[in-house]
Amino acid sequence: MARDIFHEAVREALEKEGWHITHDPYTLKDKKQKIDYEIDLGAEQLLEAEKGVEKIAVEIKTFTKPSFPNEFHGILGQYLTYLEGLNEFEPDRVLYLAIPLFAQIKLQNHPFILRIIKKYNIKLLIYNAQHKIVVSWEK
């Protein structure tokens, strides 16, 4: 699997926020169909003692292609596929789409894409690759 150029920056940003990276990559195995899907990262974070552990999977994207809408189109299919896999095999793990801050800014010029994000309840992790930080979690 080829890693996105900001893979290590996102990993470091999550670790700074107290996440323990448990999988790099996080592999979903569908034994019936003999297919493996690789989500970029799996992570866990201890919550308050009574609440247990929060588990996430993070698919990292860079949005470096010339056509923002076309790139999003491919990413949406990948995200929905991973979401279905997680719902089937590990429903307590929440999937996030990690996008750089500049992509979140570009999103504001694409109301159609914003409607899709809202309709499918796509959870976004906005990161700053240069500073290796999470800017925001958009649920």
Side-chain angles (χ1 to χ4, degrees):
M1 171 181 86
R3 288 187 169 190
D4 291 277
I5 59 173
F6 297 138
H7 184 97
E8 291 303 320
V10 173
R11 181 184 172 120
E12 189 173 322
L14 287 168
E15 290 172 334
K16 284 179 183 177
E17 290 216 344
W19 289 93
H20 171 67
I21 304 302
T22 57
H23 303 82
D24 187 357
Y26 178 85
T27 304
L28 287 170
K29 293 184 182 284
D30 186 337
K31 294 177 183 174
K32 292 178 189 173
Q33 295 185 30
K34 298 179 182 173
I35 298 173
D36 291 351
Y37 296 108
E38 290 188 345
I39 303 171
D40 290 315
L41 296 171
E44 296 179 355
Q45 187 174 57
L46 184 63
L47 301 173
E48 296 175 29
E50 314 81 57
K51 294 184 181 178
V53 175
E54 183 177 7
K55 297 178 184 180
I56 62 172
V58 179
E59 180 60 22
I60 303 164
K61 294 299 172 194
T62 57
F63 282 94
T64 55
K65 294 183 179 165
S67 173
F68 190 88
N70 285 346
E71 187 168 8
F72 179 79
H73 178 262
I75 290 168
L76 177 63
Q78 187 178 19
Y79 180 90
L80 293 176
T81 300
Y82 292 168
L83 184 61
E84 283 303 308
L86 283 172
N87 286 339
E88 184 172 339
F89 299 112
E90 194 172 357
D92 62 331
R93 190 175 292 270
V94 177
L95 179 61
Y96 281 88
L97 177 61
I99 66 171
L101 182 58
F102 70 82
Q104 185 215 25
I105 294 166
K106 279 185 176 181
L107 273 174
Q108 305 317 307
N109 296 322
H110 297 277
F112 182 72
I113 294 174
L114 289 170
R115 286 196 307 272
I116 292 170
I117 289 170
K118 184 175 182 177
K119 178 179 182 173
Y120 291 102
N121 194 27
I122 297 173
K123 293 163 182 55
L124 298 176
L125 182 164
I126 312 302
Y127 64 90
N128 181 313
Q130 180 181 2
H131 296 290
K132 300 178 181 175
I133 59 170
V134 173
V135 176
S136 67
W137 299 84
E138 298 185 6
K139 301 177 183 181

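Below, all heavy atoms of this structure are taken into account, side chains as well, without hydrogens, waters or symmetry copies.
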*Can you check whether E54 reaches W19 side chain to side chain, under 4.5 Å on heavy atoms?*
yes

*I5 and I133: same hydrophobic cluster, using ILVMFWY side-chain contacts below 4.5 Å?*
no

_L14 side, atom CG; I56 side, atom CD1 - distance, nearest 0.5 Å_ = 5.0 Å

*Can you check whether K132 reaches Y127 side chain to side chain, under 4.5 Å on heavy atoms?*
no

Would you be so kind as to tabulate the donor-acceptor pairs closer than 3.5 Å made by side chains of residues 80-89, with sequence neighbours excluded?
unit_1 : atom_1 : unit_2 : atom_2 : d
T81    : OG1    : G77    : O      : 2.8
Y82    : OH     : E38    : O      : 3.1
Y82    : OH     : Q78    : NE2    : 2.9
N87    : ND2    : L83    : O      : 3.3

*Would you say I39 and R93 make side-chain contact, with heavy atoms under 4.5 Å?*
no

*asked:* Tell me whether E59 contacts the main-chain N or O of L97 through its side chain, where contact means a donor paired with an acceptor under 3.5 Å.
replied: no

*Smallest separation among heavy atoms of A43 and I21, with atom names*: CB-CD1, 4.0 Å

*Residues two or more places apart in sequence or in another chain: which of them pass ring-ring contact (aromatic ring centres under 6.0 Å, His included) with H23?*
Y26

_Note, N128 side chain near V135 side chain (heavy atom, < 4.5 Å)_ = yes

*Nearest-0.5 Å distance that lies between atom CD1 in I99 and atom OG1 in T62*: 11.0 Å

_CA sep, side-chain torsions, deciding dist, call: V10, D40, side chain to side chain contact (heavy atoms under 4.5 Å, CB included)_ = CA-CA 10 Å; V10 173; D40 290 315; over 6 Å; no

I'd like a table of donor-acceptor pairs (distance under 3.5 Å, sequence neighbours excluded) in which one partner is a side-chain atom from residues 114-126, with atom names and distances.
none

_Residues which pass ring-ring contact (aromatic ring centres under 6.0 Å, His included) with F68, listed by chain and number, not counting sequence neighbours_ = F63, H110

*Give the minimum heavy-atom separation between F6 and A129, together with the two atoms involved.*
CD2-CB, 3.4 Å

*Which residue pairs satisfy the side chain to side chain donor-acceptor pair (under 3.5 Å) criterion with at least one member in residues 68-77, sequence neighbours excluded?*
S67-N70

*Could you note down all residue pairs passing side chain to side chain donor-acceptor pair (under 3.5 Å) where residues 8-17 supplies at least one of them, sequence neighbours left out?*
R3-E8, R11-E15, R11-D24, E17-W137

*Within a radius of less than 6.0 Å around CD of Q130, do more than 12 heavy atoms belonging to other residues, nucleotides or ligands occur?*
no

